[in-house]
Amino acid sequence: VSGIGQPDVKDVSPILASDGKLYLAYGVADPAGDTGLRFVRSDDFGQTWTTPKVLVTSGDPSLGVTRVHVATGGPGAAAIIYRGNGDSDPWVVATSDSGVTWTVPQRIDSGVAVRSAPCSGERIAMDAAGRIYAVFVQNRGSGSGLFYTRSTNGGVSFSAELAMPLPAHQNSAGPDL
């Protein structure tokens with residue numbers, strides 16, 4: 001994924017799936033400016049890699065990718081959460097065929113206007129049935145809160161995000177799934 005003539009890599013997230021495939025999602029300098037998202041897979045523990053698959057590029061609403069995290073579920077299933085829109089909104093893309101095809105990026109903080117509420121602490125998980133679970137911290141004007149959403153259709157759509165109540169004086173800066 002790097003070398004002479006390759007774009008600058010900005011952020012990397014690897015994971016070894018239960019089927020032995022190594023998945024790697026990474027942010028790269030987009031030729032038109034800002035940061036895009038790419039994906040590669042190795043079926044032989046990193047000896048060889050697939051051709052990079054461009055998931056977010058110039059013209060995509062989520063261009064400006066940072067904070068990439070990847071999770072895997074059942075065989076061939078993976079999901080990537082990242083901050084898009086110039087390090088602002090949380091987005092998710094998913095695959096059910098080991099990265100050959102991907103869903104359209106889904107913005108998962110639909111309860112607020114685009115680029116209006118900074119987020120952090122994005123995390124993602126998948127189960128064997130392909131359900132995707134995502135959490136993120138976001139300040140919607142009254143301090144940072146922890147939000148949760150899920151997809152039951154492989155990342156094609158997500159439920160409206162829900163605020164997760166926290167005990168008084170508790171910090172939600174580092175959620176994990």
Side-chain angles (χ1 to χ4, degrees), residues 1-31 34-85 87 89-109 119-136 148-159 161 174-177:
V1 294
S2 65
I4 296 174
Q6 296 296 315
D8 289 337
V9 174
K10 304 292 184 183
D11 198 0
V12 177
S13 179
I15 193 165
L16 181 62
S18 61
D19 60 5
K21 295 177 180 174
L22 183 59
Y23 293 163
L24 182 69
Y26 57 101
V28 296
D30 188 80
D34 220 324
T35 307
L37 180 64
R38 294 192 183 172
F39 168 85
V40 291
R41 183 190 76 243
S42 176
D43 298 332
D44 55 13
F45 298 103
Q47 298 299 310
T48 60
W49 295 90
T50 59
T51 301
K53 180 84 169 177
V54 176
L55 304 178
V56 175
T57 190
S58 179
D60 288 328
S62 67
L63 185 66
V65 172
T66 64
R67 310 293 186 219
V68 176
H69 300 278
V70 63
T72 59
I80 302 168
I81 190 169
Y82 60 95
R83 252 184 260 170
N85 289 334
D87 200 31
D89 300 311
W91 294 76
V92 174
V93 293
T95 182
S96 60
D97 58 11
S98 300
V100 176
T101 60
W102 290 84
T103 60
V104 172
Q106 298 293 315
R107 188 173 145 245
I108 60 172
D109 66 340
C119 69
S120 63
E122 305 83 9
R123 295 294 182 265
I124 195 161
M126 288 186 83
D127 64 21
R131 290 180 292 256
I132 302 168
Y133 308 90
V135 296
F136 56 94
Y148 161 84
T149 183
R150 71 182 182 140
S151 173
T152 58
N153 58 11
V156 173
S157 63
F158 283 80
S159 63
E161 69 274 22
D176 204 357
L177 289 173

Please round to the nearest 0.5 Å and tell me the distance separating atom [atom1] of [X] and atom [atom2] of [Y].
X      : Y      : atom1 : atom2 : value
Ser159 : Asn153 : OG    : CG    : 10.0 Å
Leu22  : Ser42  : CG    : OG    : 5.5 Å
Arg107 : Ser62  : CZ    : OG    : 11.0 Å

Within the 4.5 Å heavy-atom criterion, are Trp91 and Leu37 side-chain neighbours or not? no
Report task. For the residue pair Ile15 and Ser13, establish whether any side-chain heavy-atom pair is separated by less than 4.5 Å. Result -> no
Of all heavy-atom pairs linking Gly154 and Ala94, the shortest is O-CB, 3.2 Å
Nearest heavy-atom approach of Gly121 to Arg83 is N-NH2, 4.2 Å
Taking only distance into account, with no hydrogens and no angle test, what donor-acceptor pairs under 3.5 Å do side-chain atoms of residues 67-81 form with protein atoms, sequence neighbours excluded?
| from | atom 1 | to | atom 2 | distance (Å) |
| --- | --- | --- | --- | --- |
| His69 | NE2 | Arg123 | NH1 | 3.1 |

Can I get a per-line list of side-chain donor-acceptor pairs under 3.5 Å for residues 50-57, giving both atom names and the distance, sequence neighbours left out?
| from | atom 1 | to | atom 2 | distance (Å) |
| --- | --- | --- | --- | --- |
| Thr50 | OG1 | Arg41 | N | 3.0 |
| Lys53 | NZ | Val100 | O | 3.0 |
| Thr57 | OG1 | Asp30 | OD1 | 2.7 |

- Should the pair Phe39 and Trp102 be assigned to parallel (<30°), tilted (30 to 60°) or perpendicular (>60°) ring geometry? perpendicular
Given 3.5 Å as the limit, does a donor-acceptor pair link the side chain of [X] with the main chain of [Y], or not?
X      : Y      : value
Asn85  : Asp89  : no
Thr103 : Val93  : no
Thr152 : Arg131 : no

What verdict does the side chain to side chain contact (heavy atoms under 4.5 Å, CB included) test give for Ser98 and Tyr23, after you've listed the backbone C-alpha separation in whole Å, the side-chain angles of each residue and the deciding distance to 0.1 Å? CA-CA 8 Å; Ser98 300; Tyr23 293 163; 3.4 Å; yes
